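Below is one structure, written out as structure tokens, with a few remarks after it.
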Protein chains: 6
Amino acid sequence: MLNAITAKIQACFPAPEVHAHCDGPCGVYDPAAARITAEAVLSMTKKIVDLQPAGQDAASMVAYNNTLSRYIAIKEEQAQKTKEDILILWTDYFKPVHLEKYPDLHDIFWKAAKLCSACKVEVSVEHATELMAAVEQIHGIFWATKDRDVQWVKAS
Amino acid sequence: MLNAITAKIQACFPAPEVHAHCDGPCGVYDPAAARITAEAVLSMTKKIVDLQPAGQDAASMVAYNNTLSRYIAIKEEQAQKTKEDILILWTDYFKPVHLEKYPDLHDIFWKAAKLCSACKVEVSVEHATELMAAVEQIHGIFWATKDRDVQWVKAS
Amino acid sequence: MLNAITAKIQACFPAPEVHAHCDGPCGVYDPAAARITAEAVLSMTKKIVDLQPAGQDAASMVAYNNTLSRYIAIKEEQAQKTKEDILILWTDYFKPVHLEKYPDLHDIFWKAAKLCSACKVEVSVEHATELMAAVEQIHGIFWATKDRDVQWVKAS
Amino acid sequence: MLNAITAKIQACFPAPEVHAHCDGPCGVYDPAAARITAEAVLSMTKKIVDLQPAGQDAASMVAYNNTLSRYIAIKEEQAQKTKEDILILWTDYFKPVHLEKYPDLHDIFWKAAKLCSACKVEVSVEHATELMAAVEQIHGIFWATKDRDVQWVKAS
Amino acid sequence: MLNAITAKIQACFPAPEVHAHCDGPCGVYDPAAARITAEAVLSMTKKIVDLQPAGQDAASMVAYNNTLSRYIAIKEEQAQKTKEDILILWTDYFKPVHLEKYPDLHDIFWKAAKLCSACKVEVSVEHATELMAAVEQIHGIFWATKDRDVQWVKAS
Amino acid sequence: MLNAITAKIQACFPAPEVHAHCDGPCGVYDPAAARITAEAVLSMTKKIVDLQPAGQDAASMVAYNNTLSRYIAIKEEQAQKTKEDILILWTDYFKPVHLEKYPDLHDIFWKAAKLCSACKVEVSVEHATELMAAVEQIHGIFWATKDRDVQWVKAS
């Protein structure tokens, strides 16, 4: 069954064309984009958990609510960007030939995308940490398909 | 192997929570959103193929270039929206329990997403028509998982 | 007076050209887009009203604030999309000829757009329900102008 | 009939609340936003009409196509922003009490919004000039409702 | 050193081309865009400080949270737009020749941009007021470079 | 003079707070984001220069125009993202203390931002290459301020 679908998709995209992160195809894909935003998701999640109002007066509570509200919105935005960058790799970079070599490819990306959603819906350091691991796994697979040994360097 | 991953994902999302098209979860998913934009992709593709300048004078050529440029940009935008709406269903609505029932689920969505990209990269009535068919297939699966019989009604 | 304006507008847009939801004109208009987002507005409004923290501990309160903040943001986004989709119909699909047949057209759309804003500003199940009714009314008028009998099918 | 609808809308929005350009309500409305973008639409339209390739060589043609493509895209974007800014005034600032004083209000905004679409679809200096006039008319009505005498100052 | 860089930049942009707010270049720059959004930032900041729940019942608290959450999001959005509009002037309108006349130009814009960020991070009427002053200063410099005497007119 | 302004800005931002790429502050800044998009700008610029229609028939010309139009739009989008990512570093990450150490800081960022605009306005491999060099320079300064030795790794 899988072979039939693979064949169908290959028929659909016969040329070994290189599509890119911008759908160009510009040929420039880099999991670092998803890594940066996933780091932000983890950072914001930790900051939300740790956030405390400086006092119980009106000004402190307003400042607390402003910061909390912004952190949640930024976590949302960064998780969404992570999801988009991951899915661009899945839909545009990875080809049937990669699927043969990595038969779990679909599930790896499905799980990673679902982790992005979980990081929005929850305030979970555990899931945000798992998201970082999922992005690192994708980083590994991606560069392996290019026969390049690119280090996993975090900004934070 | 697949079972192991499925189990892992289920462990990650134990509750039978309902996520929705807006990542809310608001519980409102509807493949009609992807259907409307896919119709626009097909419509714009046909119009691009048929477009002719009204004459060879400067005004006609400027009008032609304006229209052609806009059609291409709209095709791009609508194909991108179709891709996003399809992927929201895949990443947020569909759960491991659905994957068991539809083992081709990942490949169906992968192919549909790749068709969206193909409709951007090319001016292909054939691929735009296949995209409509892919969205109709997703419409069928989606409503079947909800035990509802919803008609496939096109706007155009 | 109205006739004078109608004439002026007709002079401005003499050709019976079909503009579409994407401003293309791709010819693909469908009030279903506004219906889906209006359903989300109503769903989120109800969920906001019903939302309770699971407990008074820090983790429960953080989870509550995360969810509340996201629901409000999603309600905002979906109400904005509803407004945009409604206004595209009003500004691009409907023509002077329709205004003659539906002399209340402007007020119907004005009221619907104002309901979208009200659903942002307030947390009102009543106004969100009225918005659904307004979108259904627009659905009815729209398909009547196309001499098509399209069912009002909700996703939720 | 009109009175009945007006009454219904008034019932819907009983308080004399001030909604604003950002849907806040922040109370800050200013037709200058629509004026700036409408100026850009007119400017880009003129530049598109006047644009000529510097030569027939490949580099000149590529430069010409790059510029033409960008001008069309910017015209589109600025016309869309003009439309959005105009419609915010119509849907959020103007109230039934203003409609009584300006019974043509709906048609003025409808025509202005349709001009925005026309400026996208066409490369028409005439329609872009009419759009500027429409925005100036709205500027006049707007400040009159605030009993302020604000000058119409253009940037270009 | 500064002269060397200035020379390098001038070499990079030899022609006295007029770039504009839309990067077109459409030639239409106007600090009024930044002024409108900065007014909104100040307005929302004041409203956030003044906001009180109407009561302690569930409905009042939900309404309060909805309004607070929206005000913070709008303040964020408007501060971001102010920042973008200010930076377009700095990166696209101002040229080395202006820098010679206004040697503090870079610091003026840096400070103004940092004030936009401060208005997001904090709920500070003081910083929002300083932002308005910074935009007025930019308004003054901008019109001076065009030898035009344009009044500073606020909408609120 | 510079010292006075620096002092004023320092007074404005007394705390050594860490703002981040997402304006959070999430503390996650990484010039890799600007590097990825700058690579795409260079890639698209080269592809635009090299693009040729496959033939003179209608289908070939339509395919050529579709590709050319998309490449120009992607170049625009990626140059805009590069500009935004560069400016976030300048406005949010860099502080007066860095300016003391790098007195050319403002001019470096001004030039880099102007290069982004030049890469939109023109189809220039030379300027796109200079943009890559400017981003690499910023990469060097950025990591030096963090006392980290991070390699400059390109994706393409």
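Since the structure is predicted, the reported quantities are computational estimates derived from the model, not experimental observations. Here is the naming used below: chain letters follow the sequence lines, and residue numbers restart at 1 for every chain.
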B/Arg70 vs D/Glu76, test: salt bridge (Lys or Arg N to Asp or Glu O under 4.0 Å). Steps then yes/no. CA-CA 8 Å; B/Arg70 297 182 72 244; D/Glu76 185 86 9; 2.6 Å; yes
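Closest approach of D/Cys119 and D/Lys75 over heavy atoms only: O-NZ, 2.9 Å.
Interface remark: D/Leu68 contributes side-chain atoms only to the contact with chain B (heavy atom separation under 4.5 Å).
If you look at B/Phe109 and B/Phe94, their ring centroids are closer than 6.0 Å.
Under the 4.5 Å side-chain criterion, counting only non-hydrogen atoms from C-beta, D/Phe142 is in contact with D/Leu89. Looking at B/His127 and B/Glu122, their side chains come closer than 4.5 Å, going by heavy atoms from C-beta outward.
Residues that satisfy the side chain to side chain donor-acceptor pair (under 3.5 Å) test with B/Thr45, not counting sequence neighbours, are absent from this structure.
Within residues 57-66 of chain B, the residues having any heavy atom closer than 4.5 Å to a heavy atom of chain D are B/Val62, B/Asn65, B/Asn66, listed by residue number.
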